[in-house]
Amino acid sequence: QVQLVQSGGGLVQAGGSLRLSCAATGSVSSTMIMDWYRQAPGKQRELVATITSGGSTNYADSVEGRFTISRDNAKNTVYLEMNSLKPEDTAVYYCALVKFVTASGRVIASWGQGTQVTVSS
């Protein structure tokens with residue numbers, strides 16, 4: 001079974017930057033999609049960014065132009081570079097390995113443990 005181990009995150013002032021990492025252990029197909037999600041207190045978990053095996057990316061409107069998702073298939077690791085952070089970016093961030101995508105949504109194979117990102121104003 002694949003395990004996802006996250007690192008990075010922490011406390012930063014508004015306008016600052018952070019980088020999150022998510023390393024997969026176990027058998028991971030290089031064809032699998034990887035996502036970053038976040039969940040703020042009292043809110044539903046939302047999809048922030050996604051990357052395919054070929055490097056195609058997609059972002060939520062709220063982070064477009066500020067966040068960058070990337071992956072190193074040789075290291076089974078996905079990254080989320082977060083710039084120009086805002087207080088509303090405060091949340092617990094999770095990486096996820098997508099098993100497959102259906103018409104009704106995504107089926108997740110594994111979740112990272114989550115990491116807190118706090119942006120002070």
field: Side-chain H-bond candidate by donor/acceptor type, Gln116 with Thr118, under 3.5 Å
entry: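 The answer is yes; a qualifying pair exists.
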query: Do Asn58 and Thr50 have side-chain atoms, one donor and one acceptor, less than 3.5 Å apart?
result: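 No.
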How long is the straight-line distance from [atom2] of [Y] back to [atom1] of [X], given to the nearest 0.5 Å?
X      : Y     : atom1 : atom2 : answer
Ile33  : Ser53 : CD1   : OG    : 8.0 Å
Tyr59  : Leu47 : OH    : CG    : 11.5 Å
Cys95  : Asp35 : SG    : CG    : 9.5 Å
Phe100 : Met32 : CZ    : CE    : 10.0 Å

- prompt: With a cut-off of 6.0 Å (strictly less than), are more than 12 heavy atoms of other residues, nucleotides or ligands near CD of Gln113?
  reply: yes
- prompt: Given side chains that start at C-beta, do those of Arg45 and Trp111 come closer than 4.5 Å, heavy atoms only?
  reply: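 Heavy-atom side-chain distance check passes, below 4.5 Å.
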query: Do Val98 and Ile108 have side chains that get closer than 4.5 Å, going by heavy atoms?
result: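 When only atoms from C-beta onward are counted, Ile108 and Val98 do touch, with a gap below 4.5 Å.
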- prompt: Between Tyr94 and Arg38, is there a cation-pi geometry (under 6.0 Å to ring centre, at most 45° from the normal)?
  reply: no
message: One pair to check against side-chain contact (heavy atoms from CB on, under 4.5 Å): Met34 and Leu4. What are the steps and the verdict?
response: CA-CA 11 Å; Met34 297 192 75; Leu4 301 179; 4.2 Å; yes
query: Are the aromatic rings of Trp36 and Phe67 close, with centres under 6.0 Å apart?
result: no
